[in-house]
Amino acid sequence: MRILLIEDEARIQSFVRRGLEAEGYGVVTADDGPGGLSLARAGEWDLVVLDLLLPGMNGLRVLQELHRERPHLPVVVLSARGDLRTKLKGFELGATDYVSKPFALDELLARIRVQLRRTVPPGDDEHVLHAGPVLLDLARRQARVGDLVTDLSDREFRLLHHLLLHVGEVISRERLLADVWGYDFDPGSNVVDVCVRRLRQKLGPDAHIETIRHAGYRLAAA
Ligand code: CA
């Protein structure tokens with residue numbers, strides 16, 4: 001997997017680059033807008049990480065040009081501009097995800113992993129995710145555990161999808177609220193716990209969605 005990192009701040013560039021390389025990605029960096037855009041055009045990339053405040057050319061313009069030429073290339077914006085207007089502008093211009101600075105490297109890496117999974121070329125298993133006995137049919141939005149087949153509500157589907165994408169990992173309530181419900185705050189309710197309970201009831205005892213005390217939830221790999 002090849003990632004182009006367009007970021008002018010040397011400290012952040014090297015921090016992110018090292019994080020990506022530790023995950024096994026091939027990384028090429030650019031530290032201004034025009035240089036980044038021409039590298040993006042010239043190379044074969046699986047994903048671009050793009051800062052917005054760049055010398056030479058604003059990152060939003062880079063994004064716009066890039067999206068016009070490579071509409072399927074995932075672009076994760078990484079910017080100190082965390083205001084809603086800029087975020088929405090970024091999505092409008094083709095960003096596939098948006099991470100505000102300051103950021104946690106682990107979160108950026110997790111978001112990149114999600115983007116890269118989405119672009120895996122379709123194969124036979126294109127519409128099915130599975131872990132241990134749990135199988136999720138993405139086209140039918142049905143879960144299957146052994147002989148038990150069950151329809152899922154939209155939220156249950158998205159929750160199970162998220163757990164399957166991160167099988168074996170402990171996922172906090174905050175992250176589930178952000179990634180499944182789209183909340184960047186804790187509404188102080190127990191929506192996550194309620195949804196997990198419903199999923200457990202639907203999937204039966206063979207699906208191991210574990211509660212990790214004070215940490216979150218984990219779907220066991222087997
Ligand atoms: Ca910058």
Side-chain angles (χ1 to χ4, degrees), residues 1-33 35-37 39-40 45-67 70-120 158-159 161-163 165-166 169-187 192 216:
M1 290 283 186
R2 283 167 51 83
I3 295 180
L4 175 62
L5 170 61
I6 309 176
E7 165 66 74
D8 62 313
E9 215 173 306
R11 194 176 52 84
I12 296 179
Q13 190 195 86
S14 98
F15 169 68
V16 173
R17 180 225 279 267
R18 278 182 281 129
L20 290 169
E21 285 175 345
E23 295 274 302
Y25 301 119
V27 183
V28 173
T29 55
D31 40 30
D32 63 42
L37 184 59
L39 269 172
W45 309 103
D46 295 294
L47 184 139
V48 175
V49 177
L50 177 66
D51 180 27
L52 292 188
L53 300 173
L54 288 166
M57 183 192 266
N58 185 301
L60 287 171
R61 261 202 64 204
V62 174
L63 181 61
Q64 188 172 25
E65 295 284 316
L66 197 52
H67 186 64
R70 303 267 182 98
H72 300 296
L73 179 61
V75 178
V76 175
V77 168
L78 180 62
S79 176
R81 298 194 56 180
D83 59 290
L84 184 62
R85 245 186 90 190
T86 308
K87 277 188 183 175
L88 292 178
K89 190 76 190 160
F91 283 120
E92 187 192 316
L93 293 178
T96 42
D97 202 353
Y98 199 113
V99 176
S100 307
K101 294 175 186 171
F103 61 100
L105 182 62
D106 282 345
E107 185 187 348
L108 175 67
L109 295 175
R111 288 176 178 275
I112 286 172
R113 276 197 296 273
V114 171
Q115 294 304 323
L116 290 172
R117 273 199 204 97
R118 290 207 175 119
T119 56
V120 165
R158 285 164 61 187
L159 177 60
H161 186 234
H162 195 86
L163 291 171
L165 288 177
H166 300 279
E169 293 174 33
V170 179
I171 306 176
S172 68
R173 282 181 180 73
E174 292 71 27
R175 189 158 151 214
L176 290 171
L177 279 170
D179 291 353
V180 177
W181 276 262
Y183 295 160
D184 56 1
F185 60 97
D186 185 343
V192 176

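- Formation of a donor-acceptor pair under 3.5 Å by the Arg117 side chain with backbone atoms of Leu165 is found in this model.
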May I have the step-by-step check of side-chain contact (heavy atoms from CB on, under 4.5 Å) for Val114 and His166, ending in yes or no? CA-CA 9 Å; Val114 171; His166 300 279; 3.9 Å; yes
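- One finds the OH atom of Tyr98 at 4.5 Å from the CG atom of Leu52 (value rounded to the nearest 0.5 Å).
- Distance alone, capped at 3.5 Å, is enough to place a donor-acceptor pair between the Trp45 side chain and the Leu39 backbone.
- Using a 4.5 Å cut-off on side-chain heavy atoms (C-beta onward), Asp51 and Ile6 make no contact.
- Annotation: the span from Ile3 atom CD1 to Leu20 atom CG amounts to 4.5 Å, rounded to 0.5 Å.
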Determine, step by step, whether His162 and Leu176 satisfy the side-chain contact (heavy atoms from CB on, under 4.5 Å) criterion, reporting the C-alpha distance in whole Å, the side-chain angles of both residues, the deciding distance to 0.1 Å, and the verdict. CA-CA 8 Å; His162 195 86; Leu176 290 171; 3.6 Å; yes
Please walk me through it: do Leu78 and Glu7 pass side-chain contact (heavy atoms from CB on, under 4.5 Å)? CA-CA 9 Å; Leu78 180 62; Glu7 165 66 74; 4.3 Å; yes
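- Under a 3.5 Å cut-off, the side chain of Asp46 and the backbone N or O of Arg2 do form a donor-acceptor pair.
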Please lay out, stage by stage, how Arg158 and Asp179 fare under the test salt bridge (Lys or Arg N to Asp or Glu O under 4.0 Å). CA-CA 9 Å; Arg158 285 164 61 187; Asp179 291 353; over 6 Å; no
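- A 6.0 Å sphere centred on CZ of Arg70 holds more than 12 heavy atoms belonging to other residues, nucleotides or ligands.
- The minimum heavy-atom distance linking Lys87 with Gly82 is given by the pair CE-O, 3.6 Å.
- With rounding to the nearest 0.5 angstrom, the NE2 atom of His67 is 10.0 Å from the CG atom of Leu73.
- Taken from CG in Leu60 to CZ in Arg81, the straight-line distance is 7.0 Å, to the nearest 0.5 Å.
- Between Asp8 and Leu53, the shortest heavy-atom distance links the atoms OD1-O, 3.2 Å.
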Please lay out, stage by stage, how Ile112 and Tyr25 fare under the test side-chain contact (heavy atoms from CB on, under 4.5 Å). CA-CA 11 Å; Ile112 286 172; Tyr25 301 119; 4.2 Å; yes
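- The closest side-chain heavy-atom distance from Val16 to Phe103 is below 4.5 Å.
- The two atoms that bring Ala30 and Gly35 nearest to each other are CB-C, 4.2 Å, heavy atoms only.
- Other residues, nucleotides and ligands place no more than 12 heavy atoms under 6.0 Å from the NZ atom of Lys89.
- In this structure, Ile12 CD1 and Leu105 CG are separated by 11.0 Å, a value rounded to the nearest 0.5 Å.
- Closest heavy-atom contact between Leu50 and Val75: CB-CG1, 3.9 Å.
- When side chains are defined from C-beta on, Gln115 counts as touching Asp97, because their heavy atoms get closer than 4.5 Å.
- Rounded to the nearest 0.5 Å, atoms CZ (Arg18) and CD (Gln13) are 11.0 Å apart.
- Leu66 approaches Val48 most closely through the heavy-atom pair CD2-CG2, 4.2 Å.
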